[in-house]
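To start, the structure itself, in C-alpha cells.
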Amino acid sequence: MTPVRDMMKAMVLERPKAPLVPREVPTPRAGPGQILLRVAACGVCRTDLHIADGELTEPKLPLILGHEIVGRAVEIGDGVEGVSPGDRVGVPWLGWTDGTCRYCKRGMENLCEHARFTGYTIDGGFAEYAVADARYAFRIPDAYDDLHAAPLLCAGLIGYRAYRMAGDARRIGLYGFGAAAHILAQVARHDGREVYALTRPGDAATQAFARRLGAVWAGNSTKRPPEPLDAAILFAPVGALVVEALKSVDRGGIVVCAGIHMSDVPSFPYAFLWQERAIRSVANLTREDGEQFMKTAARVLIETEATPFPLERANEALAAIREGEIEGAAVLAIAERGD
Ligand SMILES: [Zn+2]
Ligand SMILES: [Zn+2]
C-alpha cells in the first residue's frame with residue numbers, strides 16, 4: 001500500500017449554488033475512534049444535489065460532498081476495534097450520533113438531535129481520502145466491486161429502510177426509478193413482491209429499464225397503475241406525486257416519502273386519505289438498517305448499474321442526475337485497488 005500523502009485532491013463545495021471546485025487540500029488524519037480511508041469510489045446521490053443547490057441549508061463550508069464511500073483503511077485511530085489496515089469498508093450518510101439524546105435512547109439514532117452527516121456536516125468522499133468514525137462504517141459483501149458497491153451505501157440503504165416501512169405490501173409502486181429504485185426493485189422481486197415503476201411522463205427508456213429489472217408494470221407517474229398498490233415509495237422529490245401515490249394505494253395502504261427534500265405537497269381531498277391510508281417520511285438510517293441491508297445484499301446479489309465519472313468531473317455527474325440522464329447510479333471512480 002502506498003504511503004498516505006500529505007495533500008489530496010478533493011472536489012470542494014465552497015458555497016451553495018456554485019459548482020464544486022477542484023482543490024489540493026491537507027489529507028485529514030484519523031483521530032481517536034476514526035479510520036482514514038483511501039477512497040476507491042464514491043456514489044453521487046440526489047441529496048448531494050440538494051446540498052450543492054442550497055436546498056439543504058446547513059452544510060459545513062467549505063465542504064467535501066459524498067456519502068456513499070467505498071474505501072480501504074490506511075490509518076487506524078486509537079481505540080478502533082475490528083478494522084485493520086487494508087480492510088474495505090463503506091461509509092454512509094449517518095456519520096455520528098451522540099448516543100444519549102431521547103431518540104438515540106429509544107433506538108431511533110436516525111433522528112438523533114446532534115447527528116452528524118457524511119458529506120454534509122462532516123467531509124465526505126469526493127476526495128482521495130476520507131475520515132470516518134469506525135462505528136458507523138460497514139463491511140461490504142465481497143461479491144461487489146468498488147464501483148458497484150458504492151450505490152448500496154445510500155441508494156440501497158435508504159431505499160431499504162423505506163421498503164421496511166412499506167411492511168408486507170405485495171404490490172409496491174416505486175415513484176422515480178433512479179439509483180434507489182433500481183436496487184430496491186431487485187430486492188422486492190427477490191422477496192416475491194410485485195414492483196410497479198412510475199416514472200416521469202413519457203420516459204420510455206426508464207420504463208424499459210424498470211421492466212428489465214423485473215417490474216411487472218412501468219408507466220407514467222400521473223396515471224393509475226393497473227392494480228391498486230399496497231404501498232408506494234417516493235424517490236422523486238416532487239410533492240405532487242404524494243397525492244398521485246395516495247390515489248394509487250388501496251385501502252390501508254401506505255405512501256412512504258424516502259427523499260430528504262421535496263417540493264411542497266399540494267392540498268387534496270380528505271377522501272384520498274380516508275380508509276386508513278397513511279403517509280410517512282423516512283429520515284436517514286440506523287446502523288441496524290445498514291447491517292441488515294448488507295446481509296440482504298450478500299444474499300440477493302443486486303446488479304447495480306453504475307456510471308463512472310472521474311473525481312474531477314463530479315459537477316458533470318451532478319448535472320446528469322439533475323437531468324435524469326443516469327440509468328441507475330452515478331459513481332466517482334477515484335482509486336484503483338492498491339493505488
Ligand atoms: Zn442522539
Ligand atoms: Zn444519499
Side-chain angles (χ1 to χ4, degrees), residues 11 13 20 39 41-53 55-56 58-59 63-70 90-126 130 132-133 135-138 140 149-163 176-184 233-237 256-262 281-290 293-294 297 304-307 309 314 317-318 320-322 326 328-332:
M11 291 298 285
L13 181 72
L20 309 183
V39 180
C42 187
V44 184
C45 173
R46 182 169 288 282
T47 297
D48 296 314
L49 202 54
H50 293 314
I51 297 167
D53 287 350
E55 289 160 338
L56 298 185
E58 290 173 5
L63 170 70
I64 300 171
L65 288 167
H67 55 269
E68 299 181 291
I69 307 171
V70 177
V91 180
W93 172 246
L94 186 73
W96 186 87
T97 58
D98 59 17
T100 56
C101 76
R102 65 186 190 277
Y103 304 103
C104 283
K105 281 186 181 154
R106 287 160 65 199
M108 300 191 296
E109 66 179 357
N110 58 310
L111 303 179
C112 177
E113 285 177 334
H114 301 110
R116 294 179 200 155
F117 300 108
T118 311
Y120 184 44
T121 54
I122 47 185
D123 279 333
F126 288 13
D133 186 313
R135 296 169 301 165
Y136 297 83
F138 302 111
I140 299 166
L152 301 177
L153 286 154
C154 182
L157 238 162
I158 302 277
Y160 186 67
R161 183 172 173 86
Y163 176 62
F177 204 88
H182 99 285
I183 292 173
L184 188 51
I233 302 175
L234 269 69
F235 295 110
V256 182
C257 303
I260 192 167
H261 174 84
M262 194 182 260
S281 65
V282 158
N284 313 318
L285 66 138
T286 64
R287 282 173 280 181
E288 196 205 333
D289 293 324
F293 177 63
M294 289 303 164
T304 60
E305 289 280 335
T307 304
F309 290 82
L318 288 170
I321 293 175
R322 182 183 283 110
I326 299 281
V331 178
L332 302 182

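Everything numeric in this text was worked out from a predicted model, so none of it was measured. In each ligand, atom 1 is the first atom listed, and ligand 1 is the first ligand listed.
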| query | Rounded to 10°, how big is the angle at the Zn ion (ligand 2) from Cys45 SG to Cys154 SG? | reply | 130°

| Is any N, O or S atom of Cys101 under 2.8 Å away from the Zn ion (ligand 1)? | yes

| query | Do Tyr103 and Thr97 have side-chain atoms, one donor and one acceptor, less than 3.5 Å apart? | reply | no

| said: Please check: side-chain N/O of His50 versus main-chain N/O of Ile260, any donor-acceptor pairing under 3.5 Å? | reply: no

| query | Is Asp53 salt-bridged to Arg322, going by a charged N under 4.0 Å from an acidic O? | reply | yes

| field | Distance, nearest 0.5 Å, that separates CG of Asn284 from CD1 of Ile158 | value | 6.0 Å

| request: Give, rounded to 10 degrees, the angle between OD1 (Asp98) and SG (Cys112) as seen from the Zn ion (ligand 1). | output: 100°

